[in-house]
Amino acid sequence: MDLTLPARVVGALAAAALGLWTGRRRQPPDYEGPFGDLMGAVLAGLAVGRLVYLLGEGVDLLARPMDLLVLRGGISPAAAALAALGYLVWTCRSDLWGRMDYLAPAGLWGLAVWEAGCWWQGVCLGSQSGLWWTMGLPGSDLTRHPVGMYAALLLLLGAWWLGGWNLPGRGVATWAALGWASLVRLVVPLWSVETWSRPTWWYLAGFLAGLVGTAASIYRTARPTEDLPADLG
């Protein structure tokens, strides 16, 4: 059995837990169990992403139901992201922006370690390059871009920025994290297969949604509150 997928999950959850701990000063006072919410989102994403991946590969799950549990192959990132976000929106609905803003940097920490986990699967190297930091496969003289590490470093940069600054308004961290993660997933394949990530529309939509949501959240916060009419009664 291939255990690289669960190893990446465990690493991502550990990184997310560390992100929650380092950002604990921003935790909403009435928010209990943020790690449980993140874990639930990860499990929901894995389950839906795995199911969609297998169906896309043409696997007959009625004949081979155990393929859902056999940890080889992959998951559908788009389906996994939608399921994880849907789970978080539901579980954080009592204080959506306060809780999601707190979880956003930790989520990027987890995604960064998930991307770095490509080393365990041996799929980190992309297109050929002679730059000094590029790497080669064992026994090969060709050096290639370590695209998985590019993605991990960019996601860590986003996590550091979101977690280290007081952002202007509720929802800003949530939308910015969505936009940044989508942009990273969109552009990193340029160093792998020398084209945009597929499906391009999915990651482009995520980036644009993050951009518009961030701008709207900042505008909503910066807009002065209008004075209410005086009580004439």
Side-chain angles (χ1 to χ4, degrees), residues 8-46 77 80-119 147-188 203 206-222:
R8 292 178 75 173
V9 173
V10 171
L13 286 173
L18 180 61
L20 290 175
W21 182 80
T22 58
R24 61 193 182 280
R25 61 183 175 81
R26 301 187 312 275
Q27 181 173 344
D30 60 342
Y31 189 15
E32 298 180 358
F35 182 72
D37 287 345
L38 276 181
M39 180 176 288
V42 169
L43 294 177
L46 283 174
L82 282 176
L85 286 173
Y87 179 91
L88 285 177
V89 168
W90 172 256
T91 194
C92 296
R93 63 191 183 279
S94 62
D95 180 18
L96 181 61
W97 297 123
R99 295 185 177 189
M100 291 284 281
D101 283 349
Y102 172 59
L103 295 174
L108 290 183
W109 277 62
L111 285 175
V113 172
W114 171 268
E115 292 290 345
C118 64
W119 285 110
V147 290
M149 300 311 296
Y150 291 171
L153 290 173
L154 288 171
L155 289 167
L156 281 177
L157 179 64
W160 169 80
W161 185 78
L162 289 179
W165 296 84
N166 292 321
L167 301 178
R170 288 166 58 84
V172 173
T174 301
W175 288 112
L178 173 63
W180 184 247
S182 299
L183 181 63
V184 169
R185 291 290 299 172
L186 178 66
V187 303
V188 163
Y203 295 112
F207 168 66
L208 293 176
L211 195 63
V212 171
T214 300
S217 298
I218 294 174
Y219 172 76
R220 185 172 60 247
T221 302

J.: Between the side chain of Arg93 and the main-chain N/O of Trp90, is any donor-acceptor distance below 3.5 Å?
T.: yes

J.: Please report the closest heavy-atom contact between Ala177 and Ala104, naming both atoms and the distance.
T.: CB-CB, 3.8 Å

J.: Can you find a pair of side-chain heavy atoms, one from Val9 and one from Trp114, that are under 4.5 Å apart?
T.: yes

J.: Any idea which heavy atoms bring Val172 and Ser217 closest together, and the distance?
T.: CG2-CB, 3.6 Å

J.: What pairs with Leu38 under side chain to side chain contact (heavy atoms under 4.5 Å, CB included), at least two apart in sequence or on another chain?
T.: Ala16, Leu20, Leu103, Ala106

J.: Working to the nearest 0.5 angstrom, can you tell me the gap between Leu183 CG and Leu178 CG?
T.: 11.0 Å

J.: Measuring from Leu13:CG to Leu18:CG, what's the distance to the nearest 0.5 Å?
T.: 12.5 Å

J.: Kindly list each side-chain donor-acceptor pair under 3.5 angstrom involving residues 157-165, sequence neighbours excluded, with atom names and distances?
T.:
none

J.: Taking all non-hydrogen atoms of both residues into account, name the closest pair between Trp180 and Leu108 and its distance.
T.: CD1-CD1, 4.4 Å

J.: Can you see which heavy atom on Ala84 is nearest to which on Ala41, and at what distance?
T.: CB-O, 3.4 Å

J.: Given the rule in the side chain to side chain contact (heavy atoms under 4.5 Å, CB included) test, do Tyr203 and Val187 qualify, once you have shown the distances and angles that lead to the verdict?
T.: CA-CA 9 Å; Tyr203 295 112; Val187 303; over 6 Å; no

J.: With sequence neighbours excluded, give me every side-chain hydrogen bond (donor to acceptor under 3.5 Å, both in side chains) pair touching residues 20-31.
T.: Gln27-Tyr102, Tyr31-Asp37

J.: To the nearest 0.5 angstrom, please state how far the CZ atom of Arg185 sits from the CD atom of Glu115.
T.: 4.5 Å

J.: Report the distance from atom CE of Met149 to atom CG of Leu156, rounding to the nearest 0.5 Å.
T.: 8.5 Å

J.: Minimum heavy-atom separation for Leu155 to Ala181, with atom names?
T.: CD2-CA, 3.9 Å

J.: Of all the heavy-atom pairs spanning Gly45 and Ala83, show the shortest one and how long it is.
T.: CA-CB, 4.0 Å

